[in-house]
Asker: 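I'd like to ask some things about the structure below.
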Amino acid sequence: MAIYLDHAATTPLRRDVLDAMLPFLTDGFGNPSSAHSFGRKARAALDDAHERVARLVNAEAREIVFTSGGTEANNLALKGAAWAGKARGHRIVTTSVEHHAVGHTLRYLEKFGFEVVELPVDRYGRVDPDHVDAAISDKTILVSVMLANNEVGTIQPVAELGRRVRAHKGVLFHVDAVQAAPYVEIDVETLGADLLAIAAHKFEGPKGIGALYVRHGTHILSQQQGGTQERHRRAGTENVAGTVGFAAAYELSCTDRPETVRRLRRQRDRLKSAVLAVDGTELTGHPKDRLPGLLSIIARDTDGASVAMGLDLEGIACSVGSACTTGSTEVSHVLTAMGYPEEEARGALRLSLGRTTTDAEIDEASEVVPRVLASMRLGSVAVAADPLGQGVGV
Ligand SMILES: Cc1ncc(COP(=O)(O)O)c(C=O)c1O
C-alpha cells in the first residue's frame, strides 16, 4: 500500500464529509436561486454553510463568499480590491514567497498600472513587520501576506502584520490562509484580516470549493459577471454540495485540530531525525514557527524531482515543492527568496503529513526516505567525482 506524504498538495475526502454532501448531489439538487421547494431547500443548506464557516473564523455569514477554491478566492480578493481601490491608490505590498495564486495575480495587475512591492524574507522565509510598515505609502491600497507557506511551512507573524496594516487607514490586509487553515486557528479579528482565503481540499473536504472572507464594509469588484450570487460578489450557480462539504470538513478539522497538531509534530519530528541523519541534508523553513506536518528539506548533490520519483517507485508519494511547480524545471522562487543558491534549491523535497497519517507509515518512511536519499547522493557524488565514468581514482 502506497504511503501518501503529500497532504500539502491535497487531502483525501473524509467519509463523514461525503455523507453530508450526498443529499445535495442527489435528491436535494435544487438551484438556490429558484423560488420553489427544491430551490428553498438548497438555499437553506447554502445559508447554513455560510453561517457555519463564518463561525469558525469569527466572522458573520454575510462576510463569507464561496468560490471554486483557493486560487479563485485569492484572485477575487486581489483583483476585486485592486480595482475597487484604484481611485485611492495603485500600490500593493506583498512578499517574495507567496503562492503563485497571489504572486502571479499581482504580476497580472502590474500590467494595468498597479505597482507591486515584493518584500524580501529571511533565511527561514519570514517577512520583517518593520519592512511591511516601511513599504506602505499614501498610495498603498492593499497588503497581501500568506499565513503559512506551502513549500516550507513557515508561519508568518500575521497578527502582528495585521496590527501594523490597521494603523494605516484605508489599507486593506489580505491573508492567504489556504495552507494554514487545517493547522492554525483562524480568527479574522485577531489576524486583523480584511480579506482571507481558504480551500476545503486542504482539510479533507472536496476539491473545487473555497471561501473568501470579506470584512463587512470592504468593497471588492466582482470578477465574474452574469449573476447576483454571493451578494453580488461571485456570479454563477452555487456549488451547494461543495459548500456543505466545506462546512462539514472545516468543523471536523477544527474540532480535531489540537490532537492532530500534537500527533503530527511527534510524527514529523521522528521522520525529520531519520531524514536529517543523511549527510548533506538540511531543514528548510522556520525550525519552530512552522506547520506541524510539513517537513521540507534540501539534500545537496541531488535533484529533488529524481528523489521524489525514486520514492514513488518505493511507494512513497511526496513532492518537490508545491504541487503547482511539479513538472516545471524552474527552481522554487520561495527557496531562492530565502537565499538558497539555485544548485542547492534543486535538491528540495517536501514530505507533508496529514490527519490520516499513521505511526506505521512514519516508521516505514523513516527507513525508506533516508535510504533513497543516501543512494541518490552517493550516485551523484560519484558522477561528480568521475564525470567520464572512468572509475574514481583513475
Ligand atoms: C498557500 C496556497 N495558496 C493558494 C493555493 C491554491 O489553492 P487551490 O488549489 O484550492 O486553488 C494553494 C494550493 O496549494 C496554497 O498552498
Side-chain angles (χ1 to χ4, degrees), residues 50 53-54 57-86 88-95 97-112 114-119 127 132 136 140-150 156 158 161-162 165-166 168 170-181 186-189 191-200 202 208-225 229-236 243 246 324:
H50 278 99
V53 173
V57 298
N58 192 20
E60 294 171 33
R62 62 182 172 176
E63 295 175 311
I64 300 297
V65 178
F66 283 113
T67 65
S68 66
T71 300
E72 190 196 327
N74 282 321
N75 268 263
L76 175 58
L78 300 171
K79 291 177 186 161
W83 291 123
K86 199 157 169 50
R88 283 185 291 112
H90 63 280
R91 194 172 159 104
I92 301 171
V93 176
T94 189
T95 81
V97 293
E98 300 300 308
H99 188 277
H100 289 329
V102 169
H104 286 186
T105 304
L106 293 178
R107 214 167 290 162
Y108 173 79
L109 283 170
E110 281 181 325
K111 295 182 186 164
F112 298 91
F114 291 96
E115 178 201 3
V116 177
V117 181
E118 236 183 45
L119 296 174
V127 65
V132 175
I136 297 175
T140 304
I141 49 173
L142 179 65
V143 174
S144 176
V145 180
M146 69 202 320
L147 184 47
N149 187 271
N150 50 296
Q156 298 285 5
V158 165
L161 294 170
V165 176
R166 276 274 162 96
H168 300 267
V171 181
L172 297 177
F173 187 36
H174 165 252
V175 178
D176 175 358
V178 170
Q179 199 58 239
I186 292 173
D187 178 327
V188 292
E189 295 306 329
L191 297 179
D194 299 298
L195 300 154
L196 183 138
I198 319 182
K202 303 294 186 188
I209 185 81
L212 178 67
Y213 159 77
V214 183
R215 182 175 292 279
H216 182 60
T218 302
H219 183 42
I220 58 166
L221 281 192
S222 174
Q223 295 305 300
Q224 287 166 205
Q225 282 64 50
Q229 290 89 348
E230 298 296 274
R231 295 173 178 265
H232 296 265
R233 293 167 298 189
R234 203 271 184 175
T243 66
F246 187 121
C324 326

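Residues: numbered from 1 along the sequence shown.
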Asker: Run the numbers on Y108 and L78 for side chain to side chain contact (heavy atoms under 4.5 Å, CB included), then give the verdict.
Answerer: CA-CA 10 Å; Y108 173 79; L78 300 171; over 6 Å; no
Asker: Roughly how far, to the nearest 0.5 Å, is OG1 of T218 from OH of Y213?
Answerer: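 The distance works out to 6.5 Å.
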Asker: Name all pairs fulfilling the salt bridge (Lys or Arg N to Asp or Glu O under 4.0 Å) condition that reach into residues 60-81, sequence neighbours left out, sorted by first residue then second.
Answerer: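 Every salt bridge (Lys or Arg N to Asp or Glu O under 4.0 Å) pair that includes a residue of residues 60-81, provided the two are not neighbours, is E60-R62, E72-R234.
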Asker: Could you note down all residue pairs passing salt bridge (Lys or Arg N to Asp or Glu O under 4.0 Å) where residues 210-225 supplies at least one of them, sequence neighbours left out?
Answerer: E189-R215, D194-R215
Asker: Donor-acceptor pair, Q156 side chain versus V127 backbone, under 3.5 Å?
Answerer: yes
Asker: Could you tell me if the side chain of V145 sits less than 4.5 Å from the side chain of V175, heavy atoms only?
Answerer: no
Asker: For A148, enumerate each residue passing the side-chain contact (heavy atoms from CB on, under 4.5 Å) test, keeping only those at least two apart in sequence or located in another chain.
Answerer: I155, A180, L291
Asker: So T94 and L119, do their side chains get closer than 4.5 Å, heavy atoms only?
Answerer: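 Side-chain contact under 4.5 Å: no.
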Asker: Within the 4.5 Å heavy-atom criterion, are V93 and L142 side-chain neighbours or not?
Answerer: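 V93 vs L142: side chains apart.
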Asker: Between N75 and A101, what is the shortest heavy-atom contact and its length?
Answerer: ND2-O, 3.8 Å
Asker: Above 12 or not: heavy atoms from other molecules or residues under 6.0 Å from CZ of R88?
Answerer: yes
Asker: Report yes if the side chains of R231 and V65 come closer than 4.5 Å at any heavy-atom pair, otherwise no.
Answerer: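 The answer is no; the side chains never approach within 4.5 Å.
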Asker: In a check of side-chain contact (heavy atoms from CB on, under 4.5 Å) between L147 and each of D176, L161, I198, I186, which one passes?
Answerer: I186
Asker: Can you list everything that forms a side-chain contact (heavy atoms from CB on, under 4.5 Å) with A77? Sequence neighbours excluded, please.
Answerer: H174, L195, L212
Asker: Shortest non-hydrogen contact from Q229 to G236?
Answerer: OE1-N, 3.0 Å
Asker: Over all heavy atoms of both residues, which pair between A193 and L196 is shortest? Give the atoms and the distance, please.
Answerer: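 In this case the closest contact between A193 and L196 is CB-CD1, 4.1 Å.
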Asker: Among all residues two or more places apart in sequence or in another chain, which pass the side-chain contact (heavy atoms from CB on, under 4.5 Å) test with H232?
Answerer: T228
Asker: If we only count heavy atoms from C-beta on, is the I92 to L109 side-chain gap below 4.5 Å?
Answerer: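 They are in contact (side-chain heavy atoms under 4.5 Å apart), so the answer is yes.
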Asker: Say you draw a straight line from CG of N74 to NE2 of H100; how long is it, rounded to the nearest 0.5 Å?
Answerer: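 Reported to 0.5 Å precision, the distance equals 13.0 Å.
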Asker: At what distance, to the nearest 0.5 angstrom, does CZ of F246 lie from CD1 of I64?
Answerer: 7.5 Å
Asker: Stepwise, does the side chain to side chain contact (heavy atoms under 4.5 Å, CB included) test hold for D187 with V57?
Answerer: CA-CA 5 Å; D187 178 327; V57 298; over 6 Å; no
Asker: Does the side chain of V214 reach to within under 4.5 Å of the side chain of H216, using non-hydrogen atoms?
Answerer: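 With C-beta onward as the side chain, the pair stays apart.
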Asker: Work out which heavy atom in A81 is nearest to a heavy atom in I220; give both atom names and the distance.
Answerer: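 Result for this residue pair: N-CG2, 3.8 Å.
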Asker: Using the side-chain contact (heavy atoms from CB on, under 4.5 Å) criterion, which residues pair with H90? Sequence neighbours excluded.
Answerer: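 In terms of side-chain contact (heavy atoms from CB on, under 4.5 Å), with neighbours along the sequence ignored, H90 is linked to F114, E115, K139.
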Asker: Could you tell me if the side chain of V178 sits less than 4.5 Å from the side chain of K202, heavy atoms only?
Answerer: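 Side-chain contact under 4.5 Å: yes.
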Asker: If you compare all heavy atoms of T67 against all heavy atoms of A211, which two are closest, and at what distance to 0.1 Å?
Answerer: OG1-N, 3.8 Å
Asker: Any non-hydrogen side-chain atom of H50 less than 4.5 Å from a side-chain atom of E230?
Answerer: yes
Asker: Are the side chain of Q223 and the backbone of L221 linked by a donor-acceptor contact shorter than 3.5 Å?
Answerer: yes
Asker: Looking only at non-hydrogen atoms, find the nearest pair between H99 and N150 and report the distance.
Answerer: CD2-ND2, 3.5 Å
